[in-house]
Amino acid sequence: MKYSSHIFQKWILKMQIRSQLNRLIQRACERANILVDRVQVNEASKVAFGDYQFNGAMALAKSLKKKPRDIAQSIVDAIEDNDILEYVEIAGPGFINLHLSNNWLSTNIKNIVQDRRLGIVAKENPSKVVVDYSGPNMAKQMHVGHLRSTIIGDSLANLFTFLGDDVIRQNHIGDWGTQFGMLIAYLEELGEGGEGSLKDLEEFYKRAKQRFDEDENFANKSREYVVKLQGGDVRCLHLWENFIDKSLSHCEDVYSKLNIKLSREDVKAESSYNDDLANIVNDLEAKGLLKESQGAKVVFIEAEENPLIIQKSDGGFLYATTDLAAIRFRASKLGANRISYVVDARQAEHFKQIFSVAKMAGYVSEDVKLEHVSFGMMLDKSGRPFKTRDGGTVKLIDLLEEAVERAKGAISKRDSYEQEELEKVAEIIGIGAVKYSDLSINRESNYIFDWDKMLSLEGNTSLYQQYAYARIRSIFRKYNGKLEGDVILEEPQERLLALKLLQLEDTLYSSAKEAMPHYITSYLYELSTLFMKFYETCPILREDTPENIRQSRLILAQITANTLRLALDILGIKVLERI
RNA sequence: GCACCCGUGGCUCAGCUGGAUAGAGCAUCUGAUUGCGGUUCAGAAGGUCAUAGGUUCGAAUCCUAUCGGGUGUACCA
């Protein structure tokens with residue numbers, strides 16, 4: 001989907017509700033001579049308290065030596081004229097409750113009905129953001145261990161892109177290491193006809209390993225091939241490239257099925273940094289950061305128990321070395337202002353060290369934001385690490401096929417589908433369920449993978465959103481007249497829905513800022529439940545609905561559908577016209 | 001041993017960086033509805049936010065200790 005804005009800048013009433021309110025209160029504080037470092041307006045905790053609230057007056061009481069209610073009063077008195085607030089009230093010990101103007105809400109809603117970007121303006125000063133995610137190992141088939149990084153990373157990359165950042169996706173694939181000697185030796189042994197056996201990489205790896213363990217000659221050959229590979233032997237390099245190519249195309253099957261936007265252009269393999277590793281060592285040496293410890297070359301970091309090992313005692317490099325080369329490349333060659341590593345939480349210490357050393361060595365300047373977007377483990381329903389019945393790793397492609405099969409089972413009893421349509425619908429629902437359930441929890445916590453829960457129509461699931469979308473589309477199959485007239489917010493359900501629709505922008509920005517996709521899913525769930533309530537109480541196409549009310553409700557429904565589609569698209573989830 | 005993360009109703013999770021009576025969804029119970037797609041909607045019940053102290057006008061949120069769970073702890077990635 002392309003997101004070009006169809007409305008002219010001047011027509012846009014600047015939204016970003018929270019920052020508008022923050023500015024309003026900030027200026028009021030200044031006018032009232034109240035010093036406050038950062039004004040933070042929050043969404044009201046209850047409907048009765050208005051739409052937003054500012055709670056800062058209480059905190060200021062002590063330093064100003066005034067009563068909090070008096071402080072609140074002077075802030076309220078100093079709020080300048082504006083068209084966003086209907087009225088303001090002071091409650092309890094000094095809460096300032098802000099009620100938005102219906103007129104402001106309805107004007108803004110009306111303005112975004114034709115806009116593919118729903119009135120959300122891209123950042124004025126975009127950053128260059130590198131998102132490092134997925135990073136599968138080429139020696140093996142992609143397994144569930146790669147699922148979360150791939151899903152979370154891709155959605156963040158989409159989100160940053162939508163908000164206007166210049167995003168560079170980096171798939172840091174593992175294509176180097178001693179096991180490749182064994183793999184290409186085995187590939188060679190099977191001959192050209194043996195390439196078919198690469199279909200199942202897992203099996204291929206196992207057999208190669210078996211040969212390695214059983215046959216001394218084969219093992220020696222494998223070791224020899226590692227050396228040859230590193231030495232740039234043309235024949236070995238050819239075998240290796242061939243192997244990587246096949247393995248990568250397996251990954252692409254997964255990406256394509258998962259609706260992940262990684263392509264070959266985003267691949268920046270570990271091996272591509274090989275030539276730079278010695279430079280990193282020399283550079284750290286020259287900067288006086290490198291120390292010798294127990295035969296290895298390391299960098300000591302303040303307040304860290306263990307140093308970061310840069311070069312092994314046998315002269316070999318480690319992944320820390322590669323990561324430093326990569327971080328330098330990203331900051332200097334790619335010019336990144338923000339580098340996000342979507343990697344599981346177990347590597348927290350590693351990244352902490354890498355980031356420290358990168359800054360110590362000046363590979364990234366102080367203002368570059370380095371973040372480890374960490375996430376918890378994937379567990380099964382009983383809370384144990386997710387494995388196959390016999391304890392093996394679950395291949396990702398198998399898991400995705402199961403998702404589609406299960407989705408088929410969930411919907412086929414509902415309606416009769418043509419076989420072809422059933423496949424298409426099941427794929428969208430099944431894959432959507434896998435992605436949404438992953439994205440809908442706080443990524444930091446462990447993730448319990450539960451088929452029944454994710455494929456349910458009830459609760460915070462993708463299917464519930466997809467259903468809400470399809471339901472709205474069904475209204476517009478019945479009605480295909482024009483959308484015109486004003487938005488009228490008389491019923492509470494209409495107003496609540498309108499406000500929620502206008503909060504998408506704030507949600508997206510805070511989700512991007514903290515790299516927390518679950519802010520978006522929470523928003524979506526609130527939105528679709530609000531829509532369902534609206535739909536229940538506010539008839540649209542019924543005969544007795546006056547035309548002006550009908551138009552207003554159609555506009556609300558239309559924007560709800562657009563919002564669902566847009567936000568789900570950012571999460572990499574597709575919608576269906578009918579389910 | 002040390003470091004980091006996590007303990008919120010039976011289950012799965014929110015809780016916007018300290019605010020008002022801690023919110024949802026499953027599951028359980030009750031009700032609406034011949035419906036613009038009821039696979040919906042309304043309502044009830046269910047919590048000493050692991051425990052004990054502390055800071056504060058105010059704590060699930062910050063500090064300390066304890067208990068319980070997880071992860072990581074120099075030449076694998």
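Any value given below was found using the heavy atoms of this structure, including those in side chains, with hydrogens, waters and symmetry copies removed. Remember, it's a predicted structure, so these values are computed and weren't measured experimentally. First the proteins, then the strands, lettered A, B, ... as listed; each starts at 1.
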Can you tell which of [options] lies closest to the side chain of [X]?
| X | options | answer |
| --- | --- | --- |
| A:N446 | B:rG70, B:rU40, B:rC36 | B:rG70 |
| A:L541 | B:rU21, B:rU17, B:rC36 | B:rC36 |
| A:P539 | B:rC16, B:rC36, B:rA77 | B:rC36 |
| A:M58 | B:rC57, B:rG72, B:rU40 | B:rC57 |
| A:Q53 | B:rU21, B:rG19, B:rU71 | B:rG19 |

Any side-chain N or O of [X] below 4.0 angstrom from OP1/OP2 of [N]?
| X | N | value |
| --- | --- | --- |
| A:K453 | B:rG25 | no |
| A:S445 | B:rA14 | yes |
| A:H350 | B:rA3 | no |
| A:K381 | B:rC11 | no |
| A:K352 | B:rC4 | no |

Closest-nucleotide ordering on RNA chain B, the 5'-leading residue of A:P307 and A:M377
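Per heavy-atom nearest nucleotide, the more 5' residue is A:M377.
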
Whichever of A:Y469 and A:E444 has its nearest RNA chain B nucleotide further upstream toward 5':
A:E444

How far does the P atom of B:rC16 sit from the matching atom of B:rC6, given to the nearest Å?
13 Å

Does one side chain, of A:E491 or A:T537, offer a donor that lies under 3.5 Å from an acceptor on the other?
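A:T537 and A:E491 do not have a side-chain donor-acceptor pair below 3.5 Å.
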
Is a donor from one side chain sitting under 3.5 angstrom from an acceptor on the other, for A:S440 and A:T521?
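Result is no, nothing qualifies.
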
Between the base of [N] and the side chain of [X], is there a donor-acceptor distance below 3.5 Å?
| X | N | result |
| --- | --- | --- |
| A:S293 | B:rA74 | yes |
| A:R18 | B:rC16 | yes |
| A:N306 | B:rA3 | no |

For the pair A:E577 and A:Y469, evaluate side-chain contact (heavy atoms from CB on, under 4.5 Å) and give the outcome as yes or no after the intermediate values.
CA-CA 7 Å; A:E577 291 302 300; A:Y469 179 81; 3.3 Å; yes

Using centres under 5.5 Å plus planes under 30 degrees as the test, is [X] stacked with [N]?
| X | N | value |
| --- | --- | --- |
| A:Y535 | B:rC36 | yes |
| A:F49 | B:rA20 | yes |
| A:F95 | B:rA20 | yes |

Is the terminal nitrogen or CZ of A:K500 (NZ for Lys, CZ for Arg) located under 6.0 angstrom from the six-membered ring centre of A:F534 and within 45° of that ring's axis?
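Geometry flag: not set, cation outside 6.0 Å or 45°.
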
Is it possible for you to check whether A:K381 lies under 6.0 Å from the centre of the six-membered ring of A:F449, through NZ or CZ, and within 45° of that ring's axis?
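Pair A:K381/A:F449 does not count as cation-pi.
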
Under 4.5 Å between any side-chain heavy atoms of A:D132 and A:R330, yes or no?
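In contact.
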
If the glycosidic angle sits within 90 degrees of zero it is syn, else anti. Tell me which applies to B:rU17.
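You should classify B:rU17 as syn.
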
Just how far, in rounded Å, is C1' of B:rC4 from CZ of A:F351?
16 Å

Spacing of A:Y341 atom OH relative to B:rA77 atom P, expressed in whole Å:
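Nearest whole value for this atom pair: 16 Å.
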
